[in-house]
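Remember, predicted model here, so these are calculated numbers, not experimental data. Scope of the values below: all heavy atoms of this structure, side chains included, with no hydrogens, waters or symmetry mates.
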Amino acid sequence: MGFYSGRDGELYIGSSSTKAAKIQSWSFSSSMAVLETTSMGDTDRTLKSGVRSYSGSCRLFYYVSDTTSSSSSSNINGLIDAAIKAGGSAGDGENTESSEVVLKLRLTTGSTDQRDIQFSAFITGVSMSTAVGEVASADITWEANGAPYGNTTLIN
């Protein structure tokens with residue numbers, strides 16, 4: 001029996017086989033609304049499953065990619081660009097809509113043991129920070145659009 005640790009987590013963006021930047025952490029959350037089906041005369045509350053939603057976040061270290069090594073290339077800009085759109089004129093409020101991204105969360109302990117969950121999502125928050133003595137980082141939050149798909153073995 002083995003345990004996964006934080007160092008086993010990875011994040012991929014779109015169809016890229018390159019890990020997204022240097023990830024410090026990611027989280028994934030699922031919730032479901034319930035519909036009450038209790039009627040007059042019932043003595044106990046009854047429920048039916050309702051709409052599910054998925055959300056999550058990640059903390060990435062922001063860095064400039066090393067052009068001599070493809071394994072250290074950063075695609076953090078893809079996440080930021082999906083949420084923050086430039087354009088229009090100052091103060092006109094008419095920039096391009098945010099775009100949807102595909103995210104894949106993975107736990108891996110080698111090429112033979114990979115557990116994934118993949119989904120389409122909208123980036124709902126971007127927060128970047130830097131401080132003396134620390135590596136610059138970006139916190140990203142998302143809401144999934146639809147159900148997870150693809151190789152969703154993370155929970156199996």
**Nearest atoms (heavy-atom pairs only) where Cys58 meets Leu60** = SG-CD1, 3.5 Å

**Request:** Could you tell me how the ring of Phe28 sits relative to the ring of Phe119: parallel (under 30°), tilted (30 to 60°) or perpendicular (over 60°)?
**Result:** tilted

**Request:** Supply the atom-to-atom distance Ser57 OG to Ile123 CD1, rounded to the nearest 0.5 angstrom.
**Result:** 11.0 Å

**Request:** Flag yes if Val34 and Tyr54 sit in one hydrophobic cluster, no otherwise; membership is Ile, Leu, Val, Met, Phe, Trp, Tyr, and two members link when side-chain heavy atoms are under 4.5 Å apart.
**Result:** no

**Message:** Can you give me the closest heavy-atom contact between Thr37 and Leu47, atom names plus distance?
**Reply:** OG1-N, 3.6 Å

**Prompt:** Of all heavy-atom pairs between Thr38 and Thr46, which one has the smallest distance, and what is that distance?
**Reply:** OG1-N, 2.9 Å

**Message:** How long is the straight-line distance from CG of Asp116 back to OG1 of Thr108, given to the nearest 0.5 Å?
**Reply:** 8.5 Å

**Item:** Minimum heavy-atom distance between Ser27 and Trp142, given as atom pair plus value
**Value:** O-CZ2, 3.6 Å

**Request:** Could you tell me the separation between the NZ atom of Lys104 and the CD atom of Glu10, rounded to the nearest 0.5 Å?
**Result:** 10.0 Å

**In one Ile/Leu/Val/Met/Phe/Trp/Tyr side-chain cluster, 4.5 Å: Phe122, Ile140** = no

**Item:** Reported CZ-to-CZ distance for the pair Arg115 and Arg106, which is rounded to 0.5 angstrom
**Value:** 12.5 Å

**Prompt:** Under 3.5 Å, is there a donor-acceptor pair linking the side chains of Ser53 and Ser31?
**Reply:** yes

**Request:** Considering non-hydrogen atoms only, spot the tightest contact between Tyr12 and Ser17 and give its length.
**Result:** CE2-O, 3.5 Å

**Item:** Spatial distance of atom CE (Met128) from atom OG (Ser137) [nearest 0.5 Å]
**Value:** 8.0 Å

**Item:** Inter-residue atom distance Ser120.OG - Leu103.CG, 0.5 Å rounding
**Value:** 8.5 Å

